[in-house]
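Residue numbering restarts at 1 for every chain, and letters A, B, ... go by the order of the sequence lines.
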Amino acid sequence: MSEVLKVENLHVDFNTYAGKVKAIRDVSFSLEKGETLAIVGESGSGKSVTTKTLMGLNAKNAEISEGSQLLFKGQNLLDLKESEWQKIRGNEIAMIFQDPMTSLDPTMKIGMQIAEPLMKHQKLSKEAALKRALALMEGVGIPAAAEHIDDYPHQWSGGMRQRAVIAIALAADPEILIADEPTTALDVTIQAQILKLMKDIQQQTDNAIIFITHDLGVVAGMADRVAVMYAGKIVEYGTVDEIFFNPQHPYTWGLLNSMPTTDTQSGGLQAIPGTPPDLLEPPKGDAFAARNQYALAIDRQEEPPFFKVSETHYAATWLLDERAPKVTPPIPIQNRWAHWAQLKGNEA
Amino acid sequence: MVKYISKRLLLLVFTLFLVVTATFFLMQVMPGTPFNNPKLTPDMLAQLNKAYGLDLPVWQQYLHYLANAFTGDFGTSFQYQNQSVGMLIGQRLPVSAQLGAQALVVGVIAGLFMGAASARNKNNKIDGTLGIISTLGISVPSFILGIILVYLFGFKWALFPVSGWGDSFSETILPTLALAVSPAAVTTRFVRSEMIEVLSSDYVQLAKAKGLSDKEIVNKHAYRNSMIPVLTLIGPMAANLLTGSVLIENIFSIPGIGQQFVTSIPSKDFPVIMGTTIVYAMMLMVMILITDILTAVVDPRVRLR
């Protein structure tokens, strides 16, 4: 496996009238060719800012601290000029947007919208680009694509439009595909189709996908690795099995407990109490401490470092410190741990 | 499309009939007579009324007017002796229409550029300067601008002729500019607010994510989408400009129809009032029809039925 992207010590602040909002506070992760990394977290955790930063699409009031690095093919994307960014966007790193109903230009033919990045990046003629657009439309499962290449977005359903948005993202065969909640705006049956499509495409093209979502159910089916974000930081990351069956961070516990599963009994869903902290003045210590029933005294004093759980699994919680008291996680998490032990037992 | 346009044209004829009827009877409500020269004796007045058919009952006058209008005879002006209304309008409307068309083209094109420049530079110095210019353009009356233009370009620097019509194109430049300022300012403000909205839309974000430059985004995506509401503004604006402006025509001594419009009313020149009203109403309706068709061309979501 080869690494296509390495994010190191990313800090993003937004200058507002109220002050500096520290939206991303020291995020590091890497992405391998052909893998899917899911970034999960509730609204305001910094998922979308992270992806916008990867595309160089942050609002004008964003400020990326020095020392932040986005290494793509050995070059730090944060050093790029706008004109150089334009060669990366849609070409090497492409994005699938959240809402297909508003992401397409209502006054441009869909075929043309798919052809646009090809004309821009591969310098194809209009005819050649449209021919390729037709192949892309077929590739994303648009029926009778040749008849619909001159359609306008309003003639299509949401699911079909999202396929077109995916075709646009795939047009220039990007190395990295960022999907920002690509199924949130779709109904459940269409969601499954779109997710399957993305999986199939990844198998063909071997591109890396960063999948942003707050839907853990989607993560289980899509991701190879998962990073859990809270208040502008990654608090736990590991393989999808490690996060689902051996979660260590109380915030991950909370997320998993608030997701229904087939085993969930009535009344079994647990909401995480409280709201995320104000990132104008992030709290001292662990940002999650105020909402965390397992918080230790040190959580309010000092930020926890990452503790290694396995070669691939790290979590930033003081509970993993050897001096910490042993806590008993909620029962559903204990069940997950039991399942994990079973899995490990089978392997051994 | 053809079916739609013919339907609209039929509707246009019907509306025109309503406008004619309403105007005709409203004119009768106005006090006074067209012939108010104190030297006229009652006999002479009666003779005049008879000559112009004003002695007949109103409903007969109305039917006569309709019948004549149907055959293209719009009567003779009371004010300008022996001039048929058709001739009067035929001579003067083209002058006003040319001036108006020039002002429309200059104004709308300037407005499109300035509005887009303003939107792309939202809240910085360029936007601020254009904001001041467009506010001035809307609030300063065109005749004041006309006088300033005459002073600067006609008198001080003597670049263009200050009045006249029909001898050279350069005569049209100052009145065109004076007339274009207000539509340019209105269009600027409208395009600015539309484009700011479009530039913050999801599909512009997606266009950026495709790797397009700001210029490409504005030209390929933003203009077309911002134009849709702007078109609805341009229709009535065009009708207004093409039917002449009293003040500008006065300042630059242009033999346009704008003056007729106004002077025919106090002098109760009934045939001219009717004629100019018909012209104005028709122009407005045709322009609105054209904007509707253009809107359907620009916006695929609009279907003409």
Note to self: Can you confirm whether more than 12 heavy atoms, excluding those of A:Gln193, are under 6.0 Å from its CD atom?
What the structure shows: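 Yes, CD of A:Gln193 has more than 12 neighbouring heavy atoms, counting only those of other groups under 6.0 Å.
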
Check: For B:Pro229, does its backbone N or O pair with a side-chain atom of B:Thr232 as donor and acceptor, under 3.5 Å?
Finding: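 Yes, the answer is positive, given that a donor and an acceptor are paired below the 3.5 Å cut-off.
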
Check: Are any side-chain N or O atoms of B:Ser96 and backbone N or O atoms of B:Ile257, one a donor and one an acceptor, separated by less than 3.5 Å?
Finding: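 Checking the backbone N and O of B:Ile257 against the side chain of B:Ser96, a donor-acceptor pair under 3.5 Å is found.
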
Next item on the list: Give the minimum heavy-atom separation between A:Trp85 and A:Leu77, together with the two atoms involved.
Entry: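 In terms of heavy atoms, the two residues are closest at CZ2-O, 3.6 Å.
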
A side-chain contact here means heavy atoms from C-beta on lying under 4.5 Å apart; do [X] and [Y] qualify?
| X | Y | value |
| --- | --- | --- |
| B:Val13 | B:Phe17 | no |
| A:Phe211 | A:Ile178 | no |
| B:Leu206 | A:Asp105 | no |
| B:Gln102 | B:Phe169 | yes |

Does [X] pair with [Y] as a salt bridge, N-O distance under 4.0 Å?
| X | Y | result |
| --- | --- | --- |
| A:Glu92 | A:Lys87 | no |
| B:Arg8 | B:Asp292 | yes |
| A:Glu82 | A:Arg89 | yes |
| B:Arg120 | B:Asp127 | no |

Can you see whether [X] engages [Y] through a side-chain donor-acceptor pair at a distance of less than 3.5 angstrom?
| X | Y | result |
| --- | --- | --- |
| A:Asp215 | A:Thr213 | no |
| B:Arg189 | B:Thr135 | yes |
| A:Glu63 | A:Asn15 | yes |
| B:Ser226 | B:Glu194 | no |
| B:Thr172 | B:Gln98 | no |

Notebook entry, point to check: Roughly how far, to the nearest 0.5 Å, is CD1 of B:Ile196 from OG of B:Ser201?
Noted result: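 Reported value, rounded in 0.5 Å steps: 13.0 Å.
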
Next item on the list: Give, for atom CG of A:Leu186 and atom CG of A:Leu195, the distance between the pair rounded to the nearest 0.5 Å.
Entry: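 It is 9.0 Å, given to the nearest 0.5 Å.
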
Check: Side chain, backbone, both or neither: which part of A:Ile168 has an atom under 4.5 Å from a heavy atom of chain B?
Finding: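 Contact with chain B: side chain only.
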
Item checked: Residue part contacting chain B, namely of A:Lys52, when any heavy atom lies under 4.5 Å ->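 Side chain only.
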
Notebook entry, point to check: chain A contacts: which residues in residues 208-216 of chain B have a non-hydrogen atom closer than 4.5 Å to it?
Noted result: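 Counting heavy atoms that sit under 4.5 Å from chain A, the residues of residues 208-216 of chain B involved are B:Lys208, B:Ala209, B:Lys210, B:Gly211, B:Leu212, B:Ser213, B:Asp214, B:Glu216.
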
Spell out the residues in [range] that have some non-hydrogen atom less than 4.5 Å away from a non-hydrogen atom of chain B, in order of number; otherwise answer 'none'.
| range | value |
| --- | --- |
| residues 112-130 of chain A | A:Gln113, A:Glu116, A:Pro117, A:Lys120, A:His121 |
| residues 69-76 of chain A | none |
| residues 147-156 of chain A | A:Tyr152, A:His154 |

Margin query: Can you tell me which portion of B:Val298 sits under 4.5 Å from chain A's heavy atoms? Options are side chain, backbone, both or neither.
Written below: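 Contact with chain A is through the backbone of B:Val298 alone.
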
What residue, out of [options], has the most heavy-atom pairs lying under 4.5 Å from chain B?
| options | value |
| --- | --- |
| A:Met108, A:Gln86, A:Lys109 | A:Gln86 |
| A:Asp99, A:Val165, A:Leu57, A:Thr102 | A:Thr102 |
| A:Ser103, A:Ala169, A:Gly90 | A:Ser103 |

